[in-house]
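Working notes, structure below.
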Amino acid sequence: MNSPVKTAVIGHPVGHSLSPLIHNHWIATYGLTGTYEAIDIPPDDLAAGVKKLIAEGYAGFNVTIPHKQAIMALCEDIDPTARAIGAVNTVAIKAGKLTGYNTDAYGFIENIRQQKPGFDFTAGPALILGAGGAARAVAYGLKQASVPEIFITNRTAEKSQKLAKELGLSALEWEKRNDALSNKNLLVNTTALGMNGQPPLKIDLSALPTTALVCDIVYKPLMTDLLTAATTRGHPVVKGLGMLLHQARPAFEYWFKTLPDVTPDLEQKLQEAAQ
Ligand code: NAP
């Protein structure tokens, strides 16, 4: 009998993570022998905590807040996508060596491709709200999907300007976000605004062409105020929970050598857990 493939998500805090539900669902669905746990590692203990996982024979792990950048220093190899995004969310361990990957850009784009198969990324410019860690992955994914021009706006202008310079985007002032909606083919919220417990996202969608796709990567609540307002105006919308599901697929494949599917029963389970 094969020894179980041991995997985990590391973070601090990590108890809220939905990743164990996703990966354990797939382990059971595909009849695999393996485990996926949530392991809390405080920032000061990262190197020692990872060393312990290697010693215990883990095949790899996901990385969440606050370790996505710090883990890079512990990786022997970092794949070009993770290097360009500047963060690692997935690690594979082979012969005691860590290889870092980032699957967030894939998750964001793949979710749109599955939810809106007819959507043409090349048909016009996109506007990204926010310039945090998730915005980097979204911007990278949109560039890979050949979006002709990507605009970015953020409360803290220095952060959007820095990201624009690094990834070849156009930075706009946060106060001009409403006017900036005219002629956009895609609007993505990557700020924490609109999330349960956070302030609302204040945006007037009047200038946005009604054919434009509106995405929110916030998934608590599942249907954010932005998505409700966009639906009322007749926009196609894509919810954030799908990105979480799709970013998990290549990670699972690195460890278990099976690319799993996002199925309605898994979506249902996750929606219930995310409420
Ligand atoms: P982060 O690095 O902390 O960035 C937070 C972003 O929100 C920054 O752009 C920040 O602007 C902005 N923001 C926060 N409070 C604001 C306010 N009061 N007014 C204006 N802007 C504000 O976080 P992150 O990792 O990018 O995550 C952002 C959101 O995406 C979270 O809700 C997270 O749960 C969600 N997310 C979802 C997925 C998924 O798979 N669906 C994946 C990753 C993240 P400043 O720079 O001005 O502070």
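Remember, it's 1-based here, ligands and their atoms both numbered in the order they're listed.
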Under 3.5 Å between some N or O of ligand 1 and some N or O of [X]?
{"X": "R155", "result": "yes"}
{"X": "T156", "result": "yes"}
{"X": "K159", "result": "yes"}
{"X": "I217", "result": "yes"}
{"X": "G240", "result": "yes"}
{"X": "L241", "result": "no"}

Just need the protein heavy atom nearest to [atom], so name the residue and atom and give the distance.
{"atom": "atom 4 (O) of ligand 1", "answer": "G132 CA, 3.4 Å"}
{"atom": "atom 23 (O) of ligand 1", "answer": "G133 N, 4.6 Å"}
{"atom": "atom 42 (C) of ligand 1", "answer": "M243 CE, 4.0 Å"}

Any atoms of ligand 1 less than 4.0 Å from a non-hydrogen atom of [X]? List them with their elements.
{"X": "V218", "value": "32 (O)"}
{"X": "T191", "value": "6 (C), 7 (O), 12 (C), 29 (C)"}
{"X": "M195", "value": "32 (O)"}
{"X": "G130", "value": "9 (O)"}
{"X": "T190", "value": "28 (C), 29 (C)"}

Answer with yes or no after comparing the ring centroid distance for F119 and F121 against a 6.0 Å cut-off, counting only values under it.
-> yes
Quick check, are the ring centers of F256 and Y30 under 6.0 angstrom apart?
-> no
Side chains of Y58 and I54: closer than 4.5 Å at any heavy-atom pair?
-> no
Residues [X] and [Y] bridged, charged N to O under 4.0 Å:
{"X": "K6", "Y": "E37", "answer": "no"}
{"X": "D225", "Y": "K202", "answer": "no"}
{"X": "K162", "Y": "E158", "answer": "no"}

Quick one: does [atom] have a protein heavy atom under 4.0 Å from it?
{"atom": "atom 45 (P) of ligand 1", "result": "yes"}
{"atom": "atom 36 (N) of ligand 1", "result": "yes"}
{"atom": "atom 39 (C) of ligand 1", "result": "yes"}

Can you measure from [atom1] ([X]) to [atom2] ([Y]) and round to the nearest 0.5 angstrom?
{"X": "R83", "Y": "M72", "atom1": "CZ", "atom2": "CE", "value": "5.5 Å"}
{"X": "L142", "Y": "I112", "atom1": "CG", "atom2": "CD1", "value": "6.5 Å"}
{"X": "N62", "Y": "I71", "atom1": "CG", "atom2": "CD1", "value": "11.0 Å"}

At a non-hydrogen distance cut-off of under 4.0 Å, which region of A134 contacts ligand 1 (side chain, backbone, both, or neither)?
-> both
Option with minimal heavy-atom separation from atom 19 (N) of ligand 1, where the choices are N196, L193, L163 = L193
May I ask which of N154, L244, I128 has a heavy atom nearer to atom 11 (O) of ligand 1 than the others do?
-> N154
Under 6.0 Å from the six-membered ring centre of F151 and within 45° of its axis: does the NZ or CZ of K184 meet both?
-> yes
Between the side chains of Y140 and N102, is a donor N or O closer than 3.5 angstrom to an acceptor N or O?
-> no
Any side-chain donor paired with an acceptor under 3.5 Å for E253 and T258?
-> no
